Each structure stands twice: as structure tokens, then as C-alpha cells.
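Structure first, then comments.
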Amino acid sequence: MSAREMIDSGKAVLGIEFGSTRIKAVLVDDKNAPIASGSHEWENQLVDNIWTYSIDMIWAGLQDAYQGMTADVEKQYGTKVTKLAAIGFSAMMHGYMAFGADGEILVPFRTWRNSITEEASEKLTELFQYNIPQRWSIAHLYQAILNGEEHVKDIEFQTTLAGYIHWKLTGKKVLGVGEASGMFPIDIATGKFHQTMVDKFDTAVADKGFSWKLLDIFPEVLSAGEDAGTLTEEGAKLLDPSGNLQAGIPLCPPEGDAGTGMVATNSVARRTGNVSAGTSVFSMVVLEKELEKVYPELDLVTTPSGDLVAMVHCNNCTSDLNAWVGIFREFAESFGIDVDMNKLFGTLYNKAMEGDPDGGNLLAYNYISGENITGMEEGRPLFVRTPNSKFNLANFMRVNLYTSLGALKIGMDILLKEEKVKVDKLLGHGGLFKTKGVGQQILADAMNTPISVMETAGEGGAWGIAVLASYMIQKAENESLGDYLNNKVFAGQEGSELSPNPEGVKGFDEFIKIYKAGLPIERAALDSMAL
């Protein structure tokens, strides 16, 4: 069947993911091969010291990405999208979206990027004896309670961005288990929110006299492959204001970008892992057993099927690096040179590989926003050198690439060196890996582990959630997600692997010593330079 016939017969599957800087829509055929795509660029806003996206931005962005995909279909195949076999939505995880009885949001969306829940995070970690990071939804809710925020008593529903989109398009208040695991701890045995911890939370806030208990306002948790509702008439109009798209399309459970990253890199099996490196950077390693201790640097979440995953999440990765590349673009344009950004990125990234393995005793912090791993509640991007540092373009670029993985290195060292977790393969995906061989080699050196990059990983989470939607409608009886990925999605795909370079490993270790020792400089900048 041709792509056009696939689209006309309603057998294509759509995945849409809300990333931090881009909303992407990917249409796939019945073999999960991408056949059309659309995207919308957006940026979070710092409003009243809260990182947020407005509700209007969310819907305008969704519609634009969808319309971009349908325009691509019309351009390539000369037809319109009217029906689909399935749809999946995913988004950046965590954060806080609380809604009242009228279905309207009670306070502006508080994204994962906010580091404003330290007190709640510490108290809940103590209460549960389970690490509750600042960006988790339960930490945001508890902080709002501790702050005495008026809106809390009026909450009828609390969810994530993916859950919000799904709810408005289907009427169903549900979440995929991977996404749900970034709201509140999951009981691996049941695949649902951990009841003992739910009871502890309800007891802890009982004196507040709220009309709700936690599970009254939280979504239902579903695993990959389960039915999560269908697109309503109202939802179809929200997604496609042109009116071409028909209602009744099944939707898979909404997932988070961590889960779709695992799917996109075929790393949902135990002893596998992946690193997603874009605006933020996080690693996901599927565990064989629970960790020995509770670590504030390590979050425990799950795969879309409910297996336990250790996650190292860092708020900052490529944003500051991109800003420096933007300076080089401005410099070139000042000389009247028309700059191709892909070529500029490629040139500068490759230049980094000519630098000294340790970065020439240069130091940078890429903290656009706060960084929980190193205890910084706000960001102050910094570049520092001594008079005798080897300051040249190659070292400058190398250190800015190094620092994009600096906080991640600290967390992964705990996992691999202290907990001695075994990883058979680690896959990279995201913007850091677009320039072939550069980000991949630096990550391999930082982790001292071979890193693979697959061609399909470039499609990212939007493709990952499309695959999860396909799994829901295509899976055989009792076919696990891991088996489906191995046999029907990734069969025959090995990807390109780079091994650690011993000099690079030693050099990154030297850099990370300077990075740790220099953290008081970052603290001083934060304390002395107001936003």
C-alpha cells in the first residue's frame, strides 16, 4: 500500500510531542516509518519568576504543528488527512497544571524547569523515604500547600501537559505509567500510584481540611498498549480547526518525553539505557532491581510498560551552547556573510574535537535555569578562565560541550560507580547528536561507556509516541512492548556506535574536577547578580 493509500484509508498513525522548544507532529505508516511531519517552534516564558507556557500558546502550537503535518501530506501526496488509525500525545514531563470545577486552569502552568519546590521536595523525600525531585508534580502540589496558596482547595484535577492535552481531546483523565511516574511514585507490583505513599500524603495534609484526597484529583494510570479513549467531536475541532479530521480515533495513554525517548531508542529492556540531550539532558537506565539507597541526584521512574528506571535529570544542556553559536552567527553576519546554521553548528562542533582532552583548563557553567543536581535554584551562565588557560576556539567549544553534560556526569557516576548498575548499551538522541560523531564521542568519554545513535532517534519523541500508538492497535496477544520494538520496529537496525577514547575519558574526568571545584563561583554569581 502506498503512503497516499495508507492516509486515505485511515491506516496512518499520528504522534505529537510537546518539547521544550518545539512541538513536533510525525505521521507514520503501518510499519512505523515516518511519512509526513510538521512542527512549531516555541519558547517558555519567565513570568513572575515562574517558567511557563500560556494555555493559548499550547493550543496555537498544537494546531500549527498539526497543520504543518497536513500541509506536508498535501504537498507530498496530494490528499487530506481525514481519519487516522490511532493518535498519541507526549510532552515534557512533570510540572504543575491544576484545574477547577469549570475545567479552567487555576494558576499558570508551572513547568519542570522551575526550582521553587525545595522545601516540599525535602519533606516528601523524608516522608516517603523515596526521592521526590523538585520538578515532580507532587512536589509542586505540596509546595503550593506549604505556601498556603488559595487555589489549592479548589482543585478538581491535577495533571501534566500531556495529560491535559489528552483530557481535552478525549474527555479521559488518564496518564501512561511512565508519565505518571513523574507525578508521584509508582508501585512496580501494581503499575499504579504507590498506595502506601498516597495514604502518607493524605494523612500529612489532613489538617488542611481539603474536600479532596490525592487520588480524587490525580489521573488514572495506564500501561502501554491499553485503551485510553477516543477523539471526541470537540477534540477533533481543537486539533484540526479546518474540520477535516473525523472524531472516533483511538488514543494511546499519554506519555512523557522520557518514555518516548526510551521507545525511540529501543531501550525499554533491563540493562539498557538512553541519554536525551536537548534543552535539558537526562539519562534513563532500566534497572534489574531497586537501588540500595535514596539519592537526591537519582529519580526512580518507569518505562511505558512499568519497569523501574533510574533517571538522572538535569535542567540545562544545549541552551547556553546554542546562545554562543548565535554569537558566532552575529559575528559572521556583521561581515556580510550569510550563515547556514547547520554548517555553523557542524563547523564549531567539529572544531571542539581539535581541542585539548581536558579543555585547556577552561571552565563554563551552562545554567540558564536552576540545576538541582548541583543545588543551584537559579541559573547564571558563566565562562571562566585563568590567565594561563589555553584559550582558543577549539578548547572554548570543547568546554561548552563538556559542561552541557557536566551535571549529568555527576549523577551517572553515582549510578555506575557507587550503585554499580550494569548497562549493556546506552543510546543517545536529541539535538546534541545532530553533528555526526561529536556529541556522541563526548558522551561516550563522559560516561566511559559505548554510545549508539540510531537514525530513527533523530525523529525523537514524536516518533516514539507514534510507535506507542501503533503498538496499542497492532500488538499480538501478550506481546510485550520490548518484543514489539525488537521484532517489528527495530529489527535489523544496529545504529552507529562509538567507544570511549581513553584520552577523552581522562580529559573529561580532569574537567569534571574543575567543574565541581568551581561550583562556589556559580553560587557567588547567583547570590550577587539579580535576575
Side-chain angles (χ1 to χ4, degrees), residues 1-19 22-41 61-91 165 169 224-225 230-231 235-236 239-252 254-255 257 260-261 263-266 429-431 434 453-475 481 484-493 495:
M1 190 180 287
S2 71
R4 174 166 179 159
E5 290 169 329
M6 190 82 54
I7 293 163
D8 287 342
S9 61
K11 293 184 177 177
V13 171
L14 176 65
I16 298 182
E17 180 159 283
F18 286 73
R22 184 172 65 155
I23 303 167
K24 186 169 183 181
V26 173
L27 195 67
V28 302
D29 63 17
D30 59 351
K31 300 288 191 295
N32 292 295
I35 53 178
S37 66
S39 65
H40 173 83
E41 305 294 322
L62 173 63
Q63 290 166 1
D64 189 45
Y66 180 82
Q67 286 164 12
M69 181 276 296
T70 59
D72 191 26
V73 166
E74 290 200 41
K75 181 180 177 183
Q76 286 196 72
Y77 312 112
T79 191
K80 294 184 184 298
V81 177
T82 59
K83 49 191 176 180
L84 295 162
I87 304 175
F89 289 97
S90 63
I165 299 291
L169 296 187
T230 57
L231 186 67
L239 179 57
D240 181 17
S242 75
N244 290 324
L245 188 64
Q246 298 172 12
I249 301 163
L251 271 74
C252 71
E255 264 300 344
D257 51 359
T260 58
V263 171
T265 53
N266 193 20
H429 62 111
K434 281 184 180 176
V453 173
M454 291 183 176
E455 284 185 28
T456 45
E459 296 293 342
W463 181 73
I465 191 66
V467 170
L468 284 170
S470 294
Y471 170 65
M472 178 184 69
I473 59 172
Q474 291 182 356
K475 68 182 190 300
L481 177 60
Y484 177 80
L485 293 177
N486 283 329
N487 300 331
K488 296 178 181 172
V489 182
F490 290 97
Q493 292 186 37

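All values below come from the heavy atoms of this structure, side chains included, with hydrogens, waters and symmetry mates left out. Residue numbers start at 1 and run along the sequence shown. Just so it is clear, the structure is predicted and the values come from calculations on it, not from any experiment.
D72 contributes a side-chain N or O that, together with a main-chain N or O of S37, makes up a donor-acceptor pair within less than 3.5 Å. Side-chain atoms of Y471 do not come within 3.5 Å of backbone N or O of Y484 as any donor-acceptor pair. Remark: side-chain polar atoms of R22 are not paired, donor with acceptor, to backbone N or O of S39 under 3.5 angstrom.
Put simply, the residue from V26, V28, L485 that forms a side-chain contact (heavy atoms from CB on, under 4.5 Å) with V467 is L485.
Separating the CE atom in M472 from the CD1 atom in I87 is a distance of 9.5 Å, to the nearest 0.5 Å. To the nearest 0.5 angstrom, L231 atom CG is 6.0 Å from L169 atom CG. From K24, atom NZ reaches atom CH2 of W463 across 11.5 Å, with rounding to the nearest 0.5 Å.
Contact of the L239 side chain with the I16 side chain is registered, since non-hydrogen atoms from C-beta on lie closer than 4.5 Å. By the 4.5 Å heavy-atom criterion applied to side chains, S2 and Y77 are not counted as neighbours. Using a 4.5 Å heavy-atom cutoff, the side chains of L14 and I249 are not in contact. Within the 4.5 Å cutoff, no side-chain heavy atoms of N32 are placed close to those of K488. Between L62 and F18, some side-chain heavy-atom pair lies under the 4.5 Å cut-off. Proximity of T260 to E17: side-chain heavy atoms (C-beta onward) are separated by under 4.5 Å at one or more points. Within the 4.5 Å cutoff, no side-chain heavy atoms of V73 are placed close to those of I35. Side-chain contact check for I7 versus L27: some heavy-atom pair is nearer than 4.5 Å.
Nearest heavy-atom pair across Q76 and A36 is NE2-CA, 4.1 Å. C252 and I465 get closest at one heavy-atom pair: SG-CD1, 3.9 Å. Counting all heavy atoms, side chain and backbone alike, T230 lies closest to P250 at CG2-CA, 4.0 Å. Minimum interatomic distance between A85 and I473 (heavy atoms only, all atoms of both residues): CB-CD1, 3.6 Å. Annotation for G461 and S90: closest pair O-OG, 4.0 Å, computed over non-hydrogen atoms.
The number of heavy-atom neighbours closer than 6.0 Å to NZ of K11, taken from other residues, nucleotides and ligands shown, is 12 or below.
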Exercise for review: Would you please test V453 and T265 for side chain to side chain contact (heavy atoms under 4.5 Å, CB included) and show each step?
Suggested key: CA-CA 8 Å; V453 173; T265 53; over 6 Å; no
Exercise for review: Test N266 against N486 for side chain to side chain contact (heavy atoms under 4.5 Å, CB included), laying out the working first.
Suggested key: CA-CA 7 Å; N266 193 20; N486 283 329; 3.0 Å; yes
Listing, residues 63-70 side-chain donor-acceptor contacts under 3.5 Å, not counting sequence neighbours, or none:
from	atom 1	to	atom 2	distance (Å)
Q63	NE2	L238	O	2.8
D64	OD2	H40	ND1	2.8
T70	OG1	Q67	O	2.9

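In this structure, a donor-acceptor pair under 3.5 Å is present between the side chains of D8 and T79.
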